[in-house]
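If you read the sequence from its start, that first residue is 1, and numbering goes on from there. The basis for the numbers below is simple: all heavy atoms, side chains too, and nothing from hydrogens, waters or symmetry mates.
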Amino acid sequence: MKFNGKNIMKNTLALFVILALMIATPQAFAQSTRIATTITTQERDPTFALGRDFWFAPAQNGTDEPGKYIRLYITSPDNTMAYVESQGITKNIPIPSYGVATFTLPLDWEMKSSGIVENKGIHVYSNDADIEVNLLANGPDGSDGTYCIPAVEWGTDYVVASYESLYENFGGYVYDEPSEFTITANRDSTVVQITPSTDLRQANVFPDNDSTVHYPTGQQFSVTLNRGQCVQFQAVIPKDADNYDVTGTTIHSNYPVGVIGASMCPNIPNNFPYCEYITDMIPPTRLWGETYYAVNYAQPQDMTGHDVAMYLMISSVPNQVIHRYDYETGDHVEAILGPAFDKYFIEESGPNKFYSTAPFLLVEYMNSESYPENVDGNGNPSEVVIPAQENFAKT
C-alpha cells in the first residue's frame, strides 16, 4: 500500500505568512550574463516584501481526486481590489485592510505536464495597493504552501530547491511521485537556459513517459516563454532513493522569471514514511544572504529524536565554508562545500544561526513523522525557504 501523510500540524501557511512579512525588498547581488559564480552584496533600504504584480504556476500535487484544492490567501495593509487571472478568466477579489481574502483556483490551472510550455501562468495583481499572496495546495498526497514572490523581486539566476522523488519498492512496483519545478514568465521572448541535476521526462499529461529521459542530467537546454506562459519539469520515475532530485538544477534567463520547487510526495529522510507533498517559491541568487536564523518545528517533549529538521544549503562560491552556532555546542564549521552551487543536506536540532563569508541559500524541511525510530510524532514533510538576516524588515 502507499503511505500518505496524516496532515498532523501540516498546514504551514501561517509560518509562510510570518516569514513573508519578515522579508524585505532585498539587497541586490551582482549578476553576470550567465548564472553568477560570484555574488556580492549591495546595501539597500529594506521595505515590505509586498508587491502589486505576482505571477506563478503551482507544481503538481498528485492527481485530481475528491477533496483536492489549491487556494490563494491574499492580504493588504489597504482596502483594495485584487484580481486573479489565468487563461482568459479574471476574478475580482475585494481585500479589506489587514484582512485576508481567499480564492480557490480551478484544478485545471495546476501544471500537469512536463517539459511542455503552457498558457497557465496565474497572475494576481492590484492596481492601487500593495498586496501579499500565499498559496496552499491540498491533495491526495497531503498539503504544503508557499508565499509568492512579487515579480519586482524576481531575478535571472536560480538554483532549484526541492527534494528526492519518492522511492518505495513494493515487489518491484515503484510509485511515480516525482521531484519537480515550474518556471513562469511575465515578458515575451523570455529565453530560459536550464541545466538539470537529474534526468527529466517530457509528457503532455502526467504520468506519461515516466521512464523516458528527454532532458539528461547535466546537459543544458533552453526553452522560450512568452508573457503568462509557464513550464513544469518532472524527474523520471526513480530507480533508487538518492539520484532523482531536481535540487541543484540551475536556471538562467534573459529576463526575470518566477520559480517554484516541489516534490510530489517525498519521505524525509527518504526511507522514513509518511510521504507528503512539499513546495516553496525559490528566491533568485541575488536574494541569497550570508546569515540565517532558524528553529525547528514543535514536537511533544517525550518524542526524543523528533526535535530535528532537515536543512539544505546551496553555495555561491567554490569551497564555501558555512558555520553554525547554537547555544549548546557554540560556534563550529557546519560544512565545507565543493564547487559553486554545490548542495548539502544535514539534520540539526534546536535554534541555530548559520553564516558564511559569501551568500548561500538555506532551506528547512519538516521530517516525516516516523523519523527517527519509526514511532509517529507530529508533522509530515514540508519545505520552507528561510529568509536571510540581510532581508529582514522592521515592520
task = Give a yes or no answer on whether the side chain of Ser356 reaches the backbone of Val321 with a donor-acceptor pair at less than 3.5 Å.
result = yes
inquiry  = Evaluate Thr80 against Ser126 for side chain to side chain donor-acceptor pair (under 3.5 Å), listing each step before the verdict.
reply    = CA-CA 7 Å; Thr80 187; Ser126 171; 2.8 Å; yes
inquiry  = Rounded at 0.5 Å granularity, tell me how far CD in Glu276 sits from CD1 in Ile278.
reply    = 10.0 Å
task = Kindly indicate, with the supporting measurements, whether the criterion side chain to side chain donor-acceptor pair (under 3.5 Å) is fulfilled by Glu132 and Asn134.
result = CA-CA 7 Å; Glu132 181 183 311; Asn134 295 267; 3.1 Å; yes
task = Working to the nearest 0.5 Å, report the span between OH of Tyr69 and OG1 of Thr104.
result = 8.5 Å
message = Determine whether a donor-acceptor pair (N or O, by modelled atom type, separation under 3.5 Å) exists between the side chain of Arg227 and the backbone of Arg187.
response = no
query = Do side-chain atoms of Asn209 reach the backbone of Thr212 as a donor and acceptor pair under 3.5 angstrom?
reply = no
key: Close side-chain approach of Val84 to Leu105, heavy-atom, < 4.5 Å   = yes
message = His323: which residues meet the ring-ring contact (aromatic ring centres under 6.0 Å, His included) condition with it, sequence neighbours left out?
response = Tyr355
request  = Rounded to the nearest 0.5 Å, what's the gap from NE2 on His306 to CG on Asp376? Could you check?
outcome  = 7.5 Å
Ring-face cation contact, Tyr125 with Arg52, 6.0 Å cut, 45° max = no
ask   = Would you find a donor on one side and an acceptor on the other, under 3.5 Å apart, between the side chain of Ser162 and the backbone of Ala262?
value = yes
request  = Check the side chains of Asn204 and Ser113 for a donor-acceptor pair under 3.5 angstrom, ignoring hydrogens and angles.
outcome  = no
inquiry  = In the structure I gave you, are the side-chain heavy atoms of Leu50 and Pro77 within less than 4.5 Å of one another anywhere?
reply    = yes
query = Going by the salt bridge (Lys or Arg N to Asp or Glu O under 4.0 Å) test, which pairs reach into residues 256-271, not counting sequence neighbours?
reply = none
ask   = Are Asp210 and Arg201 close enough, and set up right, to give a salt bridge (Lys or Arg N to Asp or Glu O under 4.0 Å), and what steps lead you there?
value = CA-CA 6 Å; Asp210 57 2; Arg201 73 184 74 180; 5.6 Å; no
request  = Answer with yes or no after comparing the ring centroid distance for Phe233 and Phe221 against a 6.0 Å cut-off, counting only values under it.
outcome  = yes
ask   = Is the distance between the ring centroids of Tyr311 and Phe354 less than 6.0 Å?
value = yes
ask   = Given side chains that start at C-beta, do those of Thr75 and Ile131 come closer than 4.5 Å, heavy atoms only?
value = no
ask   = Does Ala57 offer a backbone N or O that forms a donor-acceptor pair with the side chain of Thr182 under 3.5 Å?
value = yes
ask   = Which residue pairs pass the salt bridge (Lys or Arg N to Asp or Glu O under 4.0 Å) test when at least one of the two sits in residues 67-90, sequence neighbours left out?
value = Asp64-Lys68, Lys68-Glu110
note = Correct closest heavy-atom pair for Thr156 and Tyr255 would be CG2-C, 3.7 Å
key: Flag side-chain contact, heavy atom, 4.5 Å: Asp53 against Trp55   = yes
message = Could you go through Tyr167 and Tyr175, starting from their C-alpha distance and side-chain angles, then the distance that decides it, and tell me whether this counts as ring pair (Phe, Tyr, Trp, His ring centres under 6.0 Å)?
response = CA-CA 7 Å; Tyr167 183 74; Tyr175 291 102; over 10 Å; no
query = Is the side chain of Asp157 donor-acceptor paired with the backbone N or O of His252 at a distance under 3.5 Å, no angle test?
reply = no
request  = Could you tell me whether a side-chain N or O of Glu164 sits under 3.5 Å from a main-chain N or O of Ser179, the two making a donor and an acceptor?
outcome  = no
ask   = How far apart are the C-alpha atoms of Asn270 and Asn267, what are their side-chain angles, what is the distance that settles it, and do they pass the side chain to side chain donor-acceptor pair (under 3.5 Å) test?
value = CA-CA 4 Å; Asn270 54 30; Asn267 291 328; over 6 Å; no
request  = Return the minimal non-hydrogen interatomic distance between Pro273 and Glu168, and the atom names on each side.
outcome  = CB-OE2, 4.4 Å
Donor-acceptor pairs under 3.5 angstrom involving side-chain atoms of residues 333-343: please list them, not counting sequence neighbours.
residue: Glu334; atom: OE1; partner: Arg324; partner atom: NE; Å: 2.9
residue: Asp342; atom: OD2; partner: Gly338; partner atom: N; Å: 2.7
residue: Lys343; atom: NZ; partner: Thr247; partner atom: O; Å: 2.9

ask   = Got a donor-acceptor contact below 3.5 angstrom from the Asn138 side chain to the Gly67 backbone?
value = yes
key: Any donor-acceptor N or O pair under 3.5 Å, side chains Ser97, Asn79   = no
note = To the nearest 0.5 Å, atom CG of Asn378 lies from atom CG of Asn367 at 13.0 Å
Verdict with supporting geometry, Tyr292 and Gln389, side-chain contact (heavy atoms from CB on, under 4.5 Å) = CA-CA 6 Å; Tyr292 295 84; Gln389 175 188 284; over 6 Å; no
message = Under the rule for ring-ring contact (aromatic ring centres under 6.0 Å, His included), what residues qualify as partners of Phe56, not counting sequence neighbours?
response = none
task = Report yes if the side chains of Tyr297 and Val384 come closer than 4.5 Å at any heavy-atom pair, otherwise no.
result = yes
message = Using side-chain heavy atoms (C-beta onward) and a distance below 4.5 Å, is Tyr73 in contact with Leu136?
response = yes
task = Could you tell me whether Gln301 atom CD has more than 12 heavy atoms of other residues or ligands within 6.0 Å of it?
result = no
inquiry  = Do Asp245 and Ser165 have side chains that approach each other closer than 4.5 Å (heavy atoms only, starting at C-beta)?
reply    = no
request  = Verify whether one side chain among Thr249 and Ser197 offers a donor that lies under 3.5 Å from an acceptor in the other.
outcome  = yes
ask   = Can you find a heavy atom in the side chain of Pro381 that is under 4.5 Å from one in the side chain of Met366?
value = no
message = Measuring from atom OH of Tyr344 to atom CD of Gln320, what distance do you get when rounded to the nearest 0.5 angstrom?
response = 13.5 Å
message = Once rounded to the nearest 0.5 Å, what's the spacing between atom CZ of Phe103 and atom CG of Asn92?
response = 10.0 Å
ask   = Does the side-chain contact (heavy atoms from CB on, under 4.5 Å) test come out yes or no for Val385 and Glu364, once each step is laid out?
value = CA-CA 6 Å; Val385 175; Glu364 184 177 2; over 6 Å; no
Any donor-acceptor N/O pair, Ser368 side chain to Tyr371 backbone, under 3.5 Å = no
query = Do side-chain atoms of Thr198 reach the backbone of Ala235 as a donor and acceptor pair under 3.5 angstrom?
reply = no
remark   = Residues passing the ring-ring contact (aromatic ring centres under 6.0 Å, His included) test with Tyr244, sequence neighbours excluded, are none
